[in-house]
Each structure stands twice: as structure tokens, then as C-alpha cells.
Amino acid sequence: MSAKDGQAGKPQKGITVKKDEDFSAWYTELITKAELADIRYNVKGFIVYRAWATISIKKMYAKYESELEKNGHMPLVMPTVIPERNFFMEADHVEGFAPEVFWVTEAGGEGKKLEERLALRPTSETALYYMYSMWIRSYQDLPFKRYQSCQVFRYEGSMTRPFFRAREFHWIEAHDVFATLDDAKAQVREDMETTYKMLQDEFCIPIIFFQRPEWDKFAGAVHTYAADALLDSGKVIQLPSTHLLGDNFSKPFDVKFINSEGVSEYGYITCYGPAISRIYGAMIAILGDDQGLVLPFDLAPVQVVIVPIYFKGKEQMVNGKCQEMEKVLKEETDFSVKLDDREYITPGEKFNEWEMRGVPIRVEIGPRDIKKEQVVIVTRNPRDKHFIKIDDAVEKIKEIANGYTAKLRDKHLRKFDDLIVMVETIGEAREVIESGHIACIGICSIDMRGYDCAENIEKGTGAFIRGKRVDEESISFERCISCGRPDPVTVYCAKSY
RNA sequence: AGACAGGUGGUCUAGAUUGGUAUGAUUCUUGCUUGGGGUGCAAGCGGUCGCGGGUUCAAUUCCCGCCCUGUCUACCA
């Protein structure tokens, strides 16, 4: 903000930056003005989640948890700390995560060292599988599916952003053990279905699942599959990922079972990590507009706001009608309804405030409406205005509520396809990426064999190879865009957060 | 992690080549006015000028270190 704006004397309650002009500034304003997070806590990468975000995030957790439980997962809660010797049991895992770990080294008196350092979990494989080896005895115990909702800690990224990237973040992690590799692979597919169901259907975030190249896997995994979402800034962001761990962890952690023939075997493990805080960030970034937040109906902290239009001398009458409306809505629906009867600010100010906060439905009632026995119903996105007979109001609100999320989803799903552009040269790839698109290219391989080409492509385009599409791939190329070898794999290349 | 730019009442901001504890707006509180898309007026509250050290009679201002924020690069969910 310039000095001039600061002195302009205008209220600065609303969003002043256009989303497509300066995405970062827009996002920062949204976070502060809609009271989603507070970054003034003064520890880098650790932010305060404020009420408005916390309510939506809790609803997201609830949906996700119930879906996981429907699929046979049981909940548990692990300690936040992991003893050093557990943490170091799987070599690749350690190599990947060690640089990001916060260590607890002292406790009690000043300078009193712990005998063994404790890691603040960056993820819980090494905590859980230590226990799994004690819990799992026989094939009768399998599949063994557990999840926990928790916070994890990673010392990384100077570029921290509220919700997108923090040093402490909120997620769910599911860790499942199976008797066969095929069962484990089936779990990976289930995780991907869960992701589509949650992110696309419930949160209206368009995603594509990619199998990550060999050089870009989760530390310790056989294969990694990750959902990428595209933000309006033209960059993709990695959302949930599911990992086929095979027996890479079963061996060091001794996760074994006795099969039906009485022979001891190692279990096959998968893990799935939807980072709810990041999903929330991506959701508000994708759905939000110049007015502020736009939320799926189920996730809005307030779903219907009633705004009375007061005129001098008619306050009682207007209030009476509004209270009636509130009461009926609360009786006939389970929506979160708010009557904004503050008398010290104008209706216009209320409209703007609740729109900024993403309330899906607004009901306005004033003297004019009362005379006509109607109410005014306005939806947040798209902004439609309906004049409805007061007796039909509840039905209309239910109808709008039912269709609201689906409308939002359709609007954003369509956008994804337009952003993918097929290209044949690295130069073209660079161009389309710089104009905020995803480049679809051929590369000789996503095994380590393709690593040199990948480096060349990533250097030439300034973007990253996100991997091979997991759903059906209709595009094929003649040659690798880098080395020219025939029969390449079709992959996607984009800038990432 | 690296480069650059910053940090002044709750929020935003002026002030520094000229060192002497600070400008304005907004928020908030009280009262009036107003009210169908961000009303107006009056009064009041609110600041150890990010933290620590140095230079100085005196530091918000100059110097050093640290913390935090932003933008752009390097790695992850």
C-alpha cells in the first residue's frame, strides 16, 4: 500500500487488491481482513489459525475423517516426539527428512541435555511402524488401517505462506498394512478416489493425479502419487499424496505377519497424507474473488445471514420479521444461521463484510419487503438476487443450498482443461508455462533413466515435471522433448508452490 | 538456504543527507445523526518507533548483530 492510500481516509475493511492483478497481495489481504490467520505470532512459519478459518478447517477434517472411517480406517493418536533411534531406522527416509527436523535436545534445568534427542515428527512412519511391529501378528490382523489427525513440523522453506507452506502444518496421515503388494496397490487407488471425492466434490478444487518421477518420490517410497491443483497464479501446488512403501519400512521396523501357511512375511505398507491446512489455502485461493472468500456451502462458518434493513421508527417491525425468519430457518434446516442485527453499521457495510467472509446466502428483510410479504435472497457466488414470497423463503433457501456447491464445482472444474497445452519443444514449453499454463510433453522415461533429460527440461523451462497422469492419458508424443528418443511417456510440466 | 526491500498506536502511514521520545487516517469507546451496496458530526482511548548491543550529553533516526515480514531464486505436503 502506498503512502497516499494510507492517508486517503477511506475505510479499508474490504479487499482492495484485484486477485488477477496481484495474487500474492490479494491473498495476504484475504488472510488478514477475513480474519483467517494471524501472522503476528512472530515465529517464522508458525501462524495462528483464527476462528473463521478454524471452523471451516474443522468441517474439512470431519468430512475427511468420516470418509476414511467409512473405508475401514480406525483413528489413533501418536505422540508428537519420535526418539532419534526410531527416526534413523530407514536410510532413505532419514536422508530425505533429516535436514527438516526440529530436535528437542534439552529439558528440565538450564542446559540439561536429554540422553536421546527427540524429533518433533515431520511425519509419523517411524513412530507408527515401531508400534505396528508389536500390534500385527497374523494375516488375520490384516488389512490394518489407521489414521491420525495431527500437526507436524518441518524446518524448511524460507518462503512460508499462511496455510500453503508453514513449518507447522495440520494434516491427516493414514498408514495401512497389507498381506500382498496387490492389496497395497488397491489401497493407493482407494486413496486417490478419496482425494477426488474430498477435494473435487466437497472442496471444489480441480486436481490431477500424477505418478511422480523416480527422482521426486517421498523419501523411502517405491512409488509416489500426488494430486496437483492449479492456482490462478499459474502455478500448481501439491495436495494429498499417497505412497506405495512396499516392504521398505516393514523390513527395518520388523512389521511381519504369519500367513495362513504359518510362514512369517513382511507386510506391504501404504501411507496417505492430505495436508488439511494446505488444502484450505488452495481452496480459498482458487475459489476466492475480488470481494473475498467464496466457500462451498458445507464449509461456510455462517451459511445464511439475515440482514435487517432498518428505517427510523420501523426497527421493531423489521426485527420481528427477521427473528421469525431466523427461528423458522433454525427449526426447518440444520444450517448455520446468523441474524446480523447490529444497529451501528449500515446494511451496505454488512453486505460487504459477509461477502468478504464467504457467506453463501444472504436474506434481506426491510419495510418494503414486509409490505409486499417477500424477502430478498442474494447468493454469494454467483451473485444472484431473488425476490421470494416470505412463505416460500425456506424452500428457496434449501434449494439454493443444495445446488450451491455443485455450481461452484462445475465452474472451477471446467477451467482445468483449458490450462493444459501440448508442446513439442522446450522453447514452446517455456512460453506456455510463462503464460500461466501447464505444458504437456513427452519424456523418454520417468525412471532414473530419464533424469538427465528431466534436468535439461526443468532448466530450460524453469518449471518442474510433475509426473505421469494416473487417470486415462489420451495424448501421446513421437519423441522425447529433450533427447529425441522414440516412444516417450506423456508428462506434465508446471511451476509449483 | 541465498539476493534485495522493509518493521513507527489495534491497522495503515509521515518523519531521518538536518539525532532533541512522533504526523495523519482508520479502527475502537461514548453521544447524536443515518439506514435497500462501505453515512456524517463531536469528544475520548490508544505509541518503551521489532529485539539486543555500540557511538553520543541525547538514538525512532547513525553503526553492528539477531528476529520477523514481503518479493524473487534453491527444496517439500
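Below, chain A is the first sequence line, B the second, and so on; all start at residue 1.
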Is there a side-chain contact between A/Thr195 and A/Leu239 in this structure, where contact means two heavy atoms from C-beta onward sitting under 4.5 Å apart? no

Using the C1' atoms only, state how far B/rG50 lies from B/rU69, rounded to an integer number of Å. 11 Å

Residue matched to B/rU29 through Watson-Crick or wobble contacts both under 3.5 angstrom: B/rA43

Can you check whether A/Lys44 has a side-chain N or O nearer than 4.0 Å to OP1 or OP2 of B/rC67? no

Return the value, rounded to whole Å, for the distance between atom OH of A/Tyr344 and atom P of B/rU26. 18 Å

Interatomic distance where CD belongs to A/Glu349 and C1' belongs to B/rU34 [whole Å]: 12 Å

Tell me if the centroids of the rings in A/Tyr49 and A/Phe163 come within less than 6.0 Å of each other. yes

Is the A/Tyr147 to A/His175 ring centre distance short of 6.0 Å? no

Given B/rU69, B/rU34, B/rC76, the nucleotide with the shortest approach to the side chain of A/Asp216: B/rC76

With sugar-phosphate meaning primed atoms plus P, OP1 and OP2, does A/Tyr41 contact a base, only sugar-phosphate, or nothing at under 4.0 Å between heavy atoms? nothing

Going by centres under 5.5 angstrom and planes under 30 degrees, do the aromatic ring of A/Phe351 and the base ring of B/rG38 stack? no

Assign A/Gly273 to base, sugar-phosphate, or nothing according to its heavy-atom contacts below 4.0 angstrom with the strands shown. nothing

What distance, rounded to whole Å, do you find between the two C1' atoms, one in B/rG36 and one in B/rU11? 30 Å

Rounded distance in Å - CZ (A/Arg165) to C1' (B/rU71): 14 Å

Rounded to whole angstrom, note down the C1' distance from B/rG7 over to B/rG15. 15 Å

Do A/Arg278 and A/Trp171 form a cation-pi contact, if we require the NZ or CZ to be under 6.0 Å from the six-membered ring centre and within 45 degrees of the ring's axis? no

Using the C1' atom in both, what is the distance from B/rA59 to B/rC49, to the nearest Å? 11 Å

Rounded distance (Å) that lies between atom C1' of B/rA77 and atom CE of A/Met283: 17 Å

Can you find a side chain N or O atom of A/Arg161 that sits less than 4.0 Å from OP1 or OP2 on B/rC76? no

Is the A/His93 ring parallel, tilted or perpendicular to the A/Phe218 ring (thresholds 30°, 60°)? tilted

Under 4.0 angstrom, heavy atoms only, what part of the nucleic acid is A/Glu364 near: base, sugar-phosphate, or nothing? base

Taking pairing as Watson-Crick or G-U wobble with both contacts under 3.5 Å, can you name the mate of B/rG9, or confirm there isn't one? none

For B/rU11, does OP1 or OP2 lie under 4.0 Å from any side-chain N or O of A/Thr32? no

Does the plane of the ring in A/Phe203 sit parallel, tilted or perpendicular to the ring in A/Tyr64? Use 30° and 60° as the thresholds. tilted

Report which part of the nucleic acid A/Gly281 touches: base, sugar-phosphate, or nothing (heavy-atom distance under 4.0 Å, all strands). nothing

When all nucleic acid strands are considered with a 4.0 Å heavy-atom cut-off, which category describes A/Ala166: base, sugar-phosphate, or nothing? base

Using a 4.0 Å heavy-atom cut-off, does A/Glu315 contact any base of the nucleic acid, only the sugar-phosphate backbone, or nothing at all? base

Give a yes or no on whether a donor-acceptor pair under 3.5 Å exists between the nucleobase atoms of B/rG35, that is its base, and the side chain of A/Glu343. no

Pair assignment for B/rU18, Watson-Crick or G-U wobble, requiring both distances under 3.5 Å: none

Nearest whole angstrom, please: distance from the P of B/rG10 to the CD of A/Glu35. 16 Å

Main chain of A/Ile446, side chain of A/Lys468: is a donor-acceptor contact present, judged purely on distance under 3.5 Å? no

In this structure, how many angstroms lie between the C1' atom of B/rC68 and the CD1 atom of A/Ile39, rounded? 9 Å

Applying a 4.0 Å non-hydrogen cut-off, can you work out what A/Pro367 is touching in the nucleic acid: base, sugar-phosphate, or nothing? base

Check this one for me: any side-chain N or O of A/Thr346 less than 4.0 Å away from OP1 or OP2 of B/rG38? no

On the nucleotide B/rC67, are OP1 or OP2 found under 4.0 Å from the side-chain N or O atoms that A/Arg40 carries? no

Between A/Tyr129 and A/Phe249, what is the ring plane arrangement, given parallel below 30°, perpendicular above 60°, and tilted in between? perpendicular

On a whole-Å scale, what distance lies between the P atoms belonging to B/rG46 and B/rG38? 33 Å

Counting just side-chain N and O atoms, does A/Lys350 come under 4.0 Å of either OP1 or OP2 of B/rG37? no

Once you apply a heavy-atom cut-off of 4.0 Å, does A/Ser24 come out as touching a base, just sugar-phosphate, or nothing? sugar-phosphate

Nearest whole Å is fine: how far is B/rA77 P from A/Ile57 CD1? 20 Å

Given the side-chain rings of A/Tyr497 and A/Phe164, with only the six-membered ring counted for Trp, is the space between their centroids under 6.0 Å? yes

Would you indicate, yes or no, if B/rA1 has its OP1 or OP2 atom less than 4.0 angstrom from a side-chain nitrogen or oxygen of A/Tyr155? yes

Across every strand shown, the nucleotide meeting Watson-Crick or G-U wobble geometry with B/rU34 (both distances under 3.5 Å) is none

Using purine N1 to pyrimidine N3 plus N6-O4 or O6-N4 for Watson-Crick, or N1-O2 and O6-N3 for G-U wobble, each under 3.5 Å, what pairs with B/rC72? B/rG2

Roughly how many Å apart are B/rU60 and B/rG47, using the C1' atom of each and rounding to a whole number? 11 Å

Cation-pi between A/Arg362 and A/Phe351: NZ/CZ under 6.0 Å from ring centre and within 45° of the ring axis? yes

For A/Phe218, which contact category applies under a 4.0 Å heavy-atom criterion: base, sugar-phosphate, or nothing? sugar-phosphate

For A/Glu455 and B/rA74, give me the distance from atom CD to atom P, rounded to whole Å. 13 Å

With A/Ile365 as partner, the option from A/Met317, A/Met325, A/Gln374 fulfilling side-chain contact (heavy atoms from CB on, under 4.5 Å) is A/Met325

Go through residues 369-383 of chain A and report each residue with a non-hydrogen atom lying under 4.0 Å from RNA chain B, sorted by number. A/Asp369, A/Val376, A/Arg383

